[in-house]
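Sequence lines set the chain letters: A, B, ... in the order given, protein chains first and strands last, and positions in each chain run from 1. Bear in mind that the values here come from a model prediction, so they are computed numbers and not experimental data.
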Amino acid sequence: GDSVTQMEGPVTLSEEAFLTINCTYTATGYPSLFWYVQYPGEGLQLLLKATKADDKGSNKGFEATYRKETTSFHLEKGSVQVSDSAVYFCALNGNRDDKIIFGKGTRLHILP
Amino acid sequence: KAGVTQTPRYLIKTRGQQVTLSCSPISGHRSVSWYQQTPGQGLQFLFEYFSETQRNKGNFPGRFSGRQFSNSRSEMNVSTLELGDSALYLCASSRSVPTNPNEQYFGPGTRLTVT
């Protein structure tokens, strides 16, 4: 079945560092790919998405490119802030049964 | 407009007991999905309801059940609680189906601890 694998955390970085959180997926067909963010004490929020190969999703300085050849959707940010501290989830929607499949999440800590 | 609300926010139960969690979707949203979030397994889909009908179900035992009312509010029930049921239970609502992640909004969750 469809699945998402993302790097385990926690990831700890200093403010203004470059961030990469790896995400790879397994799916038949052409899924849509997503990154969600969960701030402490809150529910998940959709951060960005890409619906077809080579699409780049971006929001709040974060970017991710849909790479079909490597089945990846890595999340990047050039200069992280303390306020980016949260749990990040990679997810896919295979469109066959409407379910959204999530990765296990990566906790990010940004130190001032 | 008000977001997705979940009650209670925190709950402590004993093994063998049963528990009911409630979710009120955003006004006008008719689809409600439930997820279990644990550190080891991440976010796992439980079930989805639309117009009082279960549309999708994840791979959870029959101890986990849910329902949706005519006002779109949803409840999930877990019977015969086990220690492994300790988790954050998230509810998400959307206006219609199929679920569009762009239009799916999550509640803050109910933290269930089973002792």
Worksheet entry | Selection from A/Gln6, A/Lys49, A/Glu42 maximising heavy-atom pairs under 4.5 Å formed with chain B | A/Lys49
Does [X] [atom1] have over 12 foreign heavy atoms under 6.0 Å away?
{"X": "B/Arg15", "atom1": "CZ", "value": "no"}
{"X": "B/Ile12", "atom1": "CD1", "value": "no"}
{"X": "A/Glu8", "atom1": "CD", "value": "no"}
{"X": "B/Arg73", "atom1": "CZ", "value": "yes"}
{"X": "B/Tyr10", "atom1": "OH", "value": "no"}
{"X": "A/Lys52", "atom1": "NZ", "value": "no"}

Discussion item. For residues B/Tyr49 and B/Leu90: do they belong to one hydrophobic cluster (side chain heavy atoms under 4.5 Å, members Ile, Leu, Val, Met, Phe, Trp, Tyr)?
Written reply: no
Discussion item. With a 4.5 angstrom heavy-atom cut-off, is it the side chain or the backbone of A/Leu46 that approaches chain B, or both, or neither?
Written reply: side chain
Item to complete: Quick one: closest heavy-atom pair of B/Pro108 and A/Gly41, and the distance?
Response: CB-O, 3.9 Å
Worksheet item: Under 3.5 Å, is there a donor-acceptor pair between the side chain of A/Lys104 and the main chain of B/Gly40?
Response: yes
Item to complete: Counting only heavy atoms closer than 4.5 Å, note whether B/Arg9 contacts chain A via side chain, backbone, both or neither.
Response: side chain
Worksheet item: When rounded to the nearest 0.5 angstrom, what is the spacing between CG in B/Leu43 and CG in A/Leu44?
Response: 5.5 Å
Worksheet item: How long is the gap from CD on A/Gln45 to OH on B/Tyr105, to the nearest 0.5 Å?
Response: 10.5 Å
Worksheet item: Taking C-beta and beyond as the side chain, do A/Tyr36 and B/Gln104 meet within less than 4.5 Å on heavy atoms?
Response: yes
Worksheet item: Do the non-hydrogen side-chain atoms of A/Ile101 and B/Gln44 ever get within less than 4.5 Å of each other?
Response: no
Discussion item. For residues 67-83 of chain A, which residue pairs pass the salt bridge (charged side-chain N to carboxylate O under 4.0 Å, His left out) check, not counting sequence neighbours?
Written reply: A/Lys77-A/Asp84
Item to complete: With side-chain contact (heavy atoms from CB on, under 4.5 Å) as the test, would you mind laying out the steps for B/Glu48 and A/Ile100 before giving the verdict?
Response: CA-CA 11 Å; B/Glu48 179 190 15; A/Ile100 301 172; over 6 Å; no
Item to complete: Take B/Tyr35 and A/Phe102, measure what ring pair (Phe, Tyr, Trp, His ring centres under 6.0 Å) needs, and give me the verdict at the end.
Response: CA-CA 10 Å; B/Tyr35 297 86; A/Phe102 289 87; 5.4 Å; yes
